[in-house]
Structures are given as structure tokens and as C-alpha cells.
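Contents: one structure, followed by commentary.
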Amino acid sequence: MLKTVYWISTLCLTLIAGTAHASADLPSIQRGAHIAAEVCNGCHSLKYIKYKDLLSIGLTRDEVNTLRGEKSLGDPLKAQMAANDALALFNVVPPDLSLMAEAREGGPHYIVELLTGFAPGADGQTTNRVFPGIKMPDIFGIAQADPAARKEIEQKAIDVAAFLEWAADPQAEARKRMGRGVLIYVAILTALFYLLKKKIWRRLK
Amino acid sequence: MSKKIVAWIDQRFPLSAFVKHELTDYPTPRNLSYWWGFGFLAGFVLVIQLVTGVFLAMHYKADSNLAFDSIQHIMREVNYGWLIRYLHSTGASAFFIVIYTHMARTLYYGSYRRPRELLWWTGQLLLLLMMATAFMGYLLPWGQMSYWGATVITNLFSATPGFGEDIVVWLRGGFAVDDPTLTRFFSMHYLFPFIISAAVLIHLVALHTVRSSNPSGLNLADKDNIPFHPYYTIKDLFGLGIFLLGYFAIVFFKPDLFIDPANNVPANPMQTPADIVPEWYFLPFYAILRSVPDLAGGVVAMLVSVLIFAAMPYLDRSRITGGARYRPIYRTLFYVFVIDIFVLGYVGAHPPASLMKLTGQIATSIYFLTFLLLPFVSRWEEGRLLQSGKLPADVVDMARKEIEASHA
């Protein structure tokens with residue numbers, strides 16, 4: 001009996017401990033939000049994110065007001081460039097970024113690899129080792145960067161990925177918090193069921 | 001007071017008699033292991049799917065222009081919408097895990113044997129209904145994998161001789177998967193669970209007629225039976241607790257485990273994804289489909305691979321009870337079959353390059369060979385075991401009685 005209780009509680013505590021430290025890096029998400037809204041949002045939409053949602057990751061009202069300009073707090077982050085203009089310029093409409101961190105194999109890691117994957121190509125053009133033939137320009141200029149600048153750009157890419165990870169799944173923190181409570185509750189309930197089962201089945205002996 | 005109410009009802013409806021007959025007096029073998037708890041779990045998951053599905057339908061829009069956005073609306077704006085959706089999407093996979101385990105138990109212990117053939121066949125019907133429901137439900141998020149999965153699977157019907165193309169158009173409501181496909185799949189995805197519920201009732205009526213099998217395979221004497229309630233209600237509840245720990249761990253901590261990244265990209269008829277992969281629970285059958293070079297042959301092989309389980313009461317010709325328990329060769333076949341299914345699942349998830357294709361073809365052959373060899377192997381093993389003198393006396397007695405009955 002004790003063994004089972006021990007086994008169940010260990011399983012739960014392992015799960016809880018495994019995710020406890022994995023809580024999001026808020027300053028990184030906030031830096032990423034600035035880059036996403038100021039740089040990425042030029043061409044890419046983030047249509048499932050509204051300006052007011054940025055308050056929930058700790059951006060101040062003033063910061064959000066600066067980012068939104070004339071737009072209202074309840075507006076989604078539409079691309080600043082019209083889709084037709086983007087189509088004319090790049091031959092493709094830049095994809096919406098709201099779900100990007102969940103829409104590619106590898107998730108946020110893919111985004112970091114993509115943003116830092118630009119390198120000088122043979123013909124003087126810039127290529128990308130993750131996405132050959134990508135239409136997006138090397139926006140942070142990592143292909144030409146010296147080691148110090150490179151380091152800075154890598155951090156930017158990590159911040160953007162962290163922000164997009166939040167944007168794809170804004171409820172993640174609340175979900176994990178609730179999940180811990182649920183698992184502890186079910187673990188206790190299951191232990192009680194086990195004890196009750198032992199008690200009832202003892203009548204048969 | 002409550003006694004008066006029950007008495008009032010009993011005069012008009014056999015409530016007490018029903019509870020007594022189906023629960024508090026319903027005789028259940030006392031030696032059932034936890035493997036016998038998966039039927040209850042399947043019923044529980046069905047209820048989760050029904051309840052979460054009804055709430056999702058309140059916020060979901062079955063329109064090809066709105067469906068994808070409405071899922072994000074549920075995820076971001078509906079109160080606890082993310083919870084309802086993840087319970088449902090994880091529930092689909094949980095349902096198949098539970099049902100496949102339930103089937104594996106039946107196969108291992110030979111629970112499909114006489115007199116439980118109808119119980120097994122209603123279960124087979126439930127599996128087919130469940131597969132259809134899951135397949136149609138997967139189109140609803142209207143992501144890339146939803147769209148292309150539905151395109152590939154509906155296209156399989158073009159293998160029907162004579163009017164294949166017509167059937168495909170009829171199923172899709174057009175020449176390609178589009179808005180009419182989405183709306184009809186939504187309608188059917190809402191309807192089928194009620195048909196499943198009715199089929200579950202029939203399954204339970206059949207169960208309560210023939211009663212549970214048990215690990216020994218013997219017909220137990222009355223003293224070895226115990227009432228379902230409270231003994232198995234509490235045992236099932238403990239099993240449920242263990243199940244829920246795993247289920248909730250995925251729902252709350254890894255909810256994207258069963259969601260293909262490509263399905264977070266809205267459906268785009270102009271762009272085919274690199275590989276079109278069905279949901280994990282279809283992968284073994286998908287691998288069988290692709291292992292046959294000809295489309296019609298592949299479709300037939302896939303259909304047979306699902307339906308062949310129904311033939312088990314006739315393919316297994318051994319009259320020794322207890323399934324794999326007393327039959328080492330049958331046991332070996334069982335484990336070979338289970339491993340083979342995992343191999344097929346792995347093959348189904350990968351592009352059919354040369355080595356992968358060959359592995360798939362070998363695994364497909366093994367899949368069908370286990371069924372085809374069974375009638376001969378089971379009868380041969382029966383003779384060997386009865387002569388060996390290693391079987392318990394009551395198992396031998398029962399087998400001999402059955403053999404005599406079959407001669408008479």
C-alpha cells in the first residue's frame with residue numbers, strides 16, 4: 001500500500017518539478033515583444049494578438065501606447081505593410097506569426113535557427129541554411145556581423161522566439177499552474193480510492 | 001423519504017430491480033485483473049468526449065473561412081476554452097489508447113471465444129464507428145494536416161470499381177475537399193457519438209448476457225463470483241485515478257503531444273505539405289495501405305486488416321481456455337503481432353523510402369500471416385498441449401468437454 005502511494009506521489013512530484021523551473025523568462029519575452037511589434041510586424045501580422053494582450057506579459061501602458069500608435073488597444077497586430085504590397089515585393093504574403101512557434105517542427109528552436117541561419121552565399125546573395133530560398137531578408141544582418149554583433153543578434157533571435165512561444169500559447173503559464181493543482185488533487189483522490197479498495201476487498205477474505 | 005421516492009418510482013419503473021440486477025447483484029469473476037478495467041475507462045472517455053464536444057460546438061464555426069480562427073477564438077477568448085479543447089483533442093488519443101488496450105486484453109485472454117462472439121463483434125462495430133468519428137473530427141480544425149489527411153483518405157474511395165470517382169465527389173460534396181466537406185463532416189462528427197452511445201448499450205447488454213470472461217478462461221462456480229458493486233466499482237475507480245494522472249499530465253503539461261505542427265497552419269489547397277501523416281492511431285493501417293503497390297489492393301488490405309479481428313472466434317480453433325495463458329505458441333504469436341503493429345506504426349509515420357518500404361511490406365506480411373497461420377497453429381498446439389499433461393486438470397476437462405460437444 002505504502003509503495004503504491006509512494007509511487008503515485010513520486011510520479012506527480014517529478015512531473016511538477018520537471019515543469020516548475022521551465023516557467024517562461026519574462027524579460028526575454030518582453031524584449032521579444034518589442035522586436036516583434038517594431039520589426040517583424042512591419043511585414044508579418046500577429047492577428048491573434050491584440051495590443052492589450054501585451055499588458056499581460058508585463059509591458060507598461062506607455063510602452064504599449066507607443067507600439068500601437070494610432071491603433072486602439074483592442075486591435076490585433078495587423079501587418080503594417082498591405083498584403084498586396086508584400087506580394088508584389090516578395091512574391092509571397094509573409095505568414096502570420098501568432099502560431100509560428102507551434103506550426104513548425106522544433107517550435108521556438110526552429111525560429112532561433114531560422115533567424116540566425118543566414119550566411120553569405122556563393123553569388124554574393126544571402127542564403128539561409130534552415131530555409132533555402134526564403135524570401136525574408138536577413139533582417140538582423142547576421143550574415144555580415146562580426147562575432148560581438150553576432151552574439152547580440154543571437155540574443156535577439158532568442159527573445160523573438162520566446163515572445164512567439166508566448167504568442168502561440170498565451171495560456172501556458174495558467175495551464176501549468178492549474179495542472180499542478182489538478183495532479184495533486186487526483187493523486188490524493190487516487191490514493192484514497194486505493195485505500196478504500198483495500199478496505200472493501202478485505203471483506204472477501 | 002428517499003425510500004418513499006424509490007418505492008414510488010419502482011411502482012412505475014423497475015429502478016431497484018435494474019440496479020440490483022446490473023450492479024449490486026451482477027455476478028463478476030473475483031479474479032479479474034486491472035486489464036479488465038479498460039472497458040469502464042473507454043466509457044468514461046466517451047463521456048469526456050461527448051461533454052467537451054458539446055461545449056466546443058457552442059463556439060466552433062463549421063465554415064472553411066472561419067473554422068481555423070474559431071479554434072483560436074476558443075483557445076484565447078472563451079473562458080477555459082483551451083481546457084475544453086485540450087481535453088477533447090487529448091481525449092481522442094486517450095480513447096484509442098484505452099480501446100487498443102481493451103482489444104489487446106481480449107486477444108491475449110481469448111475473450112472473443114464462444115459464447116462471446118456477439119460481444120466481440122459489437123466491439124468491432126464500435127471500433128469502426130470510433131475511427132470514422134475521429135477521422136471526421138480531425139478535419140474540423142481546418143489545418144493543413146486536417147485538409148490533406150481528409151483529401152488522401154476520401155480519395156481512397158476512388159479505388160471502388162466502376163463508380164469510384166462518383167463516390168469521392170459524393171463524400172466530399174464537390175471535386176475537392178472544401179466547405180461542403182467541412183459542414184458535412186461536422187454534422188456527422190456530432191451525430192456519430194450518439195450512434196456510438198447506442199452501440200455501447202448493445203455492447204453492455206451482450207456483456208451482461210454472457211458476463212465477463214476471466215484470466216483463467218474457466219466458467220467459475222458461483223462462489224468465485226462477486227457482485228460488481230462495490231468490488232469492481234471501487235477497483236475501476238482506482239484504475240480511473242491512475243488513468244487520469246496520465247491524461248491530465250498530457251492535457252496540462254504537454255497538450256501539443258498529439259497535435260501535428262502542420263495543423264497549426266491554416267488549410268491551403270494550393271500547397272501540399274512535405275509528408276501527409278495521419279493521426280498516430282491510424283498509422284499501422286496507413287502503413288499497410290502503402291505497403292501494397294496497387295491503390296485498390298492497398299485499400300482492400302487496409303480494410304481487411306481492420307475487419308479481420310471479427311474472424312478471431314473462428315480463426316482460433318483451439319479449445320483450450322484462458323487464451324495465451326496456457327498456450328505458449330499462441331502467446332508468442334500475440335507478442336509478435338503486438339511488436340509488428342508498433343513496427344507498422346513507425347513505418348506509417350515515415351516517408352516510404354526504400355528500406356522503410358521494405359520494412360513495411362515485411363511487417364504487413366507478418367500481420368496477415370499471424371491471422372492466416374492461427375487456424376492451423378492453434379489446433380496443432382491444442383493437441384500437443386492436451387497430450388503434454390502440463391495443463392491444470394480443470395482446463396483439460398473443459399477442453400475435452402468442448403471437443404466432445406463439437407463431435408456430437
Side-chain angles (χ1 to χ4, degrees), chain A residues 4 7-9 11-12 14-16 18-20 22 47-50 53 76 92 95-96 98-107 110 167-172 174-204, chain B residues 30-31 34 68-69 71-83 85-87 143-145 223-227 229-256 259-266 268 271 273-275:
Chain A
T4 313
W7 181 78
I8 292 168
S9 43
L11 178 86
C12 292
T14 321
L15 269 169
I16 293 160
T19 53
K47 64 175 175 174
Y48 298 126
I49 301 296
K50 299 188 174 84
D53 295 335
V92 61
D96 185 81
S98 319
L99 282 169
M100 198 48 83
E102 286 183 355
R104 295 291 182 277
E105 209 66 63
Y110 172 88
D169 188 10
Q171 318 282 0
R175 193 181 71 230
K176 287 174 191 168
R177 213 176 313 121
M178 188 192 278
R180 272 167 226 144
V182 168
L183 282 189
I184 291 169
Y185 178 90
V186 176
I188 294 170
L189 187 69
T190 307
L192 291 175
F193 279 150
Y194 182 76
L195 294 174
L196 191 56
K197 193 236 153 201
K198 280 268 155 193
K199 189 172 173 223
I200 290 174
W201 279 69
R202 215 173 285 137
R203 292 184 210 160
L204 287 174
Chain B
R30 64 186 287 171
N31 59 339
Y34 281 103
F68 192 88
D69 287 343
I71 299 284
Q72 288 307 313
H73 166 70
I74 290 168
M75 294 299 289
R76 290 159 194 267
E77 272 135 30
V78 174
N79 287 331
Y80 296 104
W82 57 267
L83 178 59
R85 187 207 172 198
Y86 282 149
L87 286 171
Q144 272 289 69
M145 217 43 101
K223 68 177 168 52
D224 296 318
N225 283 319
I226 51 178
H229 180 76
Y231 295 105
Y232 282 103
T233 32
I234 187 62
K235 191 166 180 170
D236 282 348
L237 280 175
F238 173 61
L240 176 67
I242 300 287
F243 164 79
L244 287 180
L245 282 175
Y247 174 62
F248 285 141
I250 295 170
V251 166
F252 288 102
F253 294 99
K254 198 83 183 96
D256 54 352
I259 298 175
D260 194 291
N263 230 26
N264 286 313
V265 179
N268 182 355
Q271 187 189 38
D275 324 276

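Numbered from 1 within each chain, the chains take letters A, B, ... in sequence-line order.
- Taking both residues in full, the closest heavy atoms of A/Ile200 and B/Pro230 are given as CG2-CG, 3.8 Å, listed atom of the first, atom of the second, then distance.
- Here the side chains of A/Lys50 and B/Glu77 are in contact, with some heavy-atom distance below 4.5 Å.
- Looking at A/Lys199 and B/Ile234, their side chains never come closer than 4.5 Å, going by heavy atoms from C-beta outward.
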Could you go step by step and tell me if B/Tyr231 and A/Lys197 meet the side-chain contact (heavy atoms from CB on, under 4.5 Å) rule?
CA-CA 7 Å; B/Tyr231 295 105; A/Lys197 193 236 153 201; over 6 Å; no

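- Considering only heavy-atom pairs separated by less than 4.5 Å from chain A, the leading option among B/Leu240, B/Val265, B/Leu244, B/Leu237 is B/Leu237.
- No donor-acceptor distance shorter than 3.5 angstrom exists from the side chain of B/Asn264 to the backbone of A/Leu99, with no hydrogens or angles considered.
- For B/Phe243, no part sits under 4.5 Å from any heavy atom of chain A, backbone or side chain.
- Only the side chain of B/Ile226 comes within contact range of chain A, with at least one heavy atom under 4.5 Å from a heavy atom of that chain.
- Both the backbone and the side chain of A/Glu102 come within contact range of chain B, with heavy atoms under 4.5 Å apart.
- With rounding to the nearest 0.5 Å, the separation of OG in A/Ser98 from CE in B/Met75 is 13.0 Å.
- Remark: B/Gln72 CD to A/Ile49 CD1 distance equals 9.0 Å, nearest 0.5 Å.
- The environment of A/Tyr185 atom OH is sparse: at most 12 non-hydrogen atoms of other residues, nucleotides or ligands sit within 6.0 angstrom.
- Using the six-membered ring where Trp is involved, A/Tyr194 and B/Phe238 have ring planes that are tilted, between 30° and 60° apart.
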Decide yes or no on side-chain contact (heavy atoms from CB on, under 4.5 Å) for A/Phe193 and B/Lys235, but give the supporting numbers first.
CA-CA 8 Å; A/Phe193 279 150; B/Lys235 191 166 180 170; over 6 Å; no

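- Of the inter-residue distances, the one linking A/Thr190 atom OG1 with B/Leu245 atom CG reads 4.5 Å to the nearest 0.5 angstrom.
- No part of A/Leu189 comes within reach of chain B, as not one of its non-hydrogen atoms sits under 4.5 angstrom from that chain.
- Options B/Phe248, B/Phe252, B/Tyr86 differ in how many heavy-atom pairs under 4.5 Å they form with chain A, and the most are formed by B/Phe252.
- Counting heavy atoms from C-beta outward, A/Arg175 and B/Phe253 have side chains that stay 4.5 Å or more apart.
- Taking 4.5 Å as the limit, every side-chain heavy atom of B/Pro261 sits out of range of all side-chain heavy atoms of A/Arg104.
- Here B/Asp69 pairs with A/Lys47 in a salt bridge; the nearest charged N to carboxylate O distance falls below 4.0 Å.
- Using a 4.5 Å cut-off between heavy atoms, A/Leu192 does not touch chain B at all.
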